[in-house]
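See structure below.
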Amino acid sequence: MKTQSSAIAPPSIAVSTPPARGLGTLQAALGVVAFSLTFPATAWGLEGFGPWSLVAVRSVLAALVAAGCLLALRVPVPERRHWAGLAVVAGGVVVGFPLLTTLALRTSTTAHAAVVVGLLPLTTALLSALRMGTRPSRTFWTAAFAGAAAVVAFTVQQSGGALTSSDLYLFGALLVCAAGYTEGGRLARVMPGWQVIGWALVFCLPLGVPAAALALAHEPVALTAHSVAGLVWLAAGSQFLGLVVWYRGMAAIGIPKASQLQLAQPLLTLVWSVLLLGEHLTPAAPLTAAAVLVCIAVTQRARG
């Protein structure tokens, strides 16, 4: 089977121009918007599917879309040296995060689950520093911690300040997703971002198909407009298209800066929760949104 050519310029040779950085920021922001719909879509999907069925079927559908794109464009299989990184992406964003958050959302509200997303940018930046040796400035870290603190305070207040049994699922999801984002952002420097998530999805297909068949055989299914719409968005939007633009953005502007755009994700999720799920927001929402936007602006301007 043909593999990708190794004649690829090292990441250090590439120069990120201001227009490229602007486009990268836009792409990462579009990814955040797509991800912000994940929890509401999961809540819809759980109306008609069991948690295991929902995760397995969304993975299979997304993998089929990705495989179709890869075959249509005759994309060669990645070199073996990239397989370990793709396995981390698959384990983190294709299997781990969807499964753990879906299990959590059986008993948790979307507002409480947004705590995970509130901590994800900081965790991703920390893992990036450990994995890739990035050294953001003190200003960056100060703004990142401030933004994370604002989001956590807001989302905990939204959930009533009580910890639930779903928290273990949520914190586990936080760690595996941050690892998948970090490794995916690294790989997106040497191959197109859509191929990173595309191959990660395809690699999971041999496990996803039997898992979906087994789950569907043991969990009841009740197809409704909400459950089908939730499943379709999770597979096509959150699992594939959102990650395509997200990894492209990370490759263009760097993992730490892209990750901080996700500080806005919990607030967007809460807006969707009001519009789609009928949940209610407190007056603290606009104040928190303003604080988070300031922190995002600082991290995007910070050097290093």
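Since the structure is predicted, the reported quantities are computational estimates derived from the model, not experimental observations.
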Quick one: does Ser53's side chain have a donor or acceptor within less than 3.5 Å of a partner on Ala215's backbone?
-> yes

Provide the closest heavy-atom pair for Pro40 versus Leu277 in the form atom of the first, atom of the second, distance.
-> CA-CD1, 4.0 Å

Atom pair CZ/CG of Arg248 and Leu23 - distance to nearest 0.5 Å = 7.0 Å

Indicate the ring-plane relationship of Phe39 and Phe97, choosing parallel, tilted or perpendicular according to the 30° and 60° boundaries.
-> parallel

Near-ring test Tyr247/Trp194, centroid separation under 6.0 angstrom | no

Specify the closest pair of heavy atoms between Ala258 and Ala28, including all atoms of both residues, with the distance to one decimal.
-> CB-CB, 4.3 Å

So, does Gln239 use its side chain to make a donor-acceptor pair with the main chain of Val93 at under 3.5 Å?
-> yes

Taking side-chain hydrogen bond (donor to acceptor under 3.5 Å, both in side chains) as the test, write out the residues that go with Thr38, two or more places apart.
-> Ser238

Would you check, one step at a time, whether the test side-chain hydrogen bond (donor to acceptor under 3.5 Å, both in side chains) holds for Thr224 with Ser227?
-> CA-CA 5 Å; Thr224 64; Ser227 63; 3.1 Å; yes

Supply the atom-to-atom distance Gln265 CD to Leu270 CG, rounded to the nearest 0.5 angstrom.
-> 11.0 Å

Parallel, tilted or perpendicular: which describes the rings of Trp83 and Phe203, with under 30° parallel and over 60° perpendicular?
-> perpendicular

same_hphob_cluster(Leu207, Val209) at 4.5 Å side-chain heavy-atom cutoff = no

For Leu61 and Ala235, which heavy atoms make the closest approach, and how far apart are they?
-> CB-CB, 3.7 Å

CZ-CG distance between Arg106 and Leu54, expressed to the nearest 0.5 angstrom = 12.0 Å

Establish whether Leu216 and Leu214 are linked, either directly or via other cluster members, by ILVMFWY side-chain heavy-atom contacts under 4.5 Å.
-> no

If every non-hydrogen atom of Ala34 is compared with every non-hydrogen atom of Gly237, which pair is closest and at what distance?
-> CB-O, 4.3 Å

List the steps and the verdict of side-chain contact (heavy atoms from CB on, under 4.5 Å) for Leu170 and Leu100.
-> CA-CA 7 Å; Leu170 294 173; Leu100 292 172; over 6 Å; no

Show your reasoning for whether side-chain contact (heavy atoms from CB on, under 4.5 Å) applies to Thr25 and Leu261.
-> CA-CA 8 Å; Thr25 300; Leu261 292 174; 4.2 Å; yes

Yes or no on side-chain contact (heavy atoms from CB on, under 4.5 Å) for Val77 and Trp199, after CA distance, side-chain angles and deciding distance?
-> CA-CA 8 Å; Val77 176; Trp199 285 115; 4.0 Å; yes

Validation row: Phe35, Gln262 side chains within 4.5 angstrom (heavy atoms) = yes

Any idea which heavy atoms bring Pro98 and Val55 closest together, and the distance?
-> O-CG2, 3.6 Å

Same cluster for Val221 and Val60 if Ile/Leu/Val/Met/Phe/Trp/Tyr side chains link at under 4.5 Å?
-> no

In Leu126, Leu127, Leu120, the residue satisfying side-chain contact (heavy atoms from CB on, under 4.5 Å) with Thr124 is Leu120

Under the criterion side-chain contact (heavy atoms from CB on, under 4.5 Å), which of Leu201, Leu64, Val94 is the partner of Phe240?
-> Leu201

So how far is it from Arg186 CZ to His82 NE2, rounded to the nearest 0.5 Å?
-> 7.5 Å

Start with the C-alpha gap between Ser273 and Thr110, add the side-chain angles, then the distance that decides, and say whether side-chain hydrogen bond (donor to acceptor under 3.5 Å, both in side chains) holds.
-> CA-CA 7 Å; Ser273 298; Thr110 55; 2.8 Å; yes

Give every residue pair that meets the ring pair (Phe, Tyr, Trp, His ring centres under 6.0 Å) criterion with at least one member in residues 41-63, sequence neighbours excluded.
-> Trp44-His226

Calculate, to the nearest 0.5 Å, the distance between atoms CG and CG belonging to Leu37 and Leu268 respectively.
-> 8.5 Å

Would Leu205 end up clustered with Val57 when hydrophobic side chains under 4.5 Å apart are linked, directly or stepwise?
-> no

CG on Leu243 to CE on Met250, rounded to 0.5 Å = 10.0 Å

Smallest heavy-atom separation, Pro78 atom then Leu86 atom, equals CG-CD1, 3.8 Å

Following the transitive rule for hydrophobic clusters with a side-chain heavy-atom cut-off under 4.5 Å over Ile, Leu, Val, Met, Phe, Trp and Tyr, establish whether Leu174 and Tyr181 coincide in one cluster.
-> yes

If only atom types and distance count, is the side chain of Ser59 paired as donor or acceptor with the main-chain N or O of Ala56 below 3.5 Å?
-> no

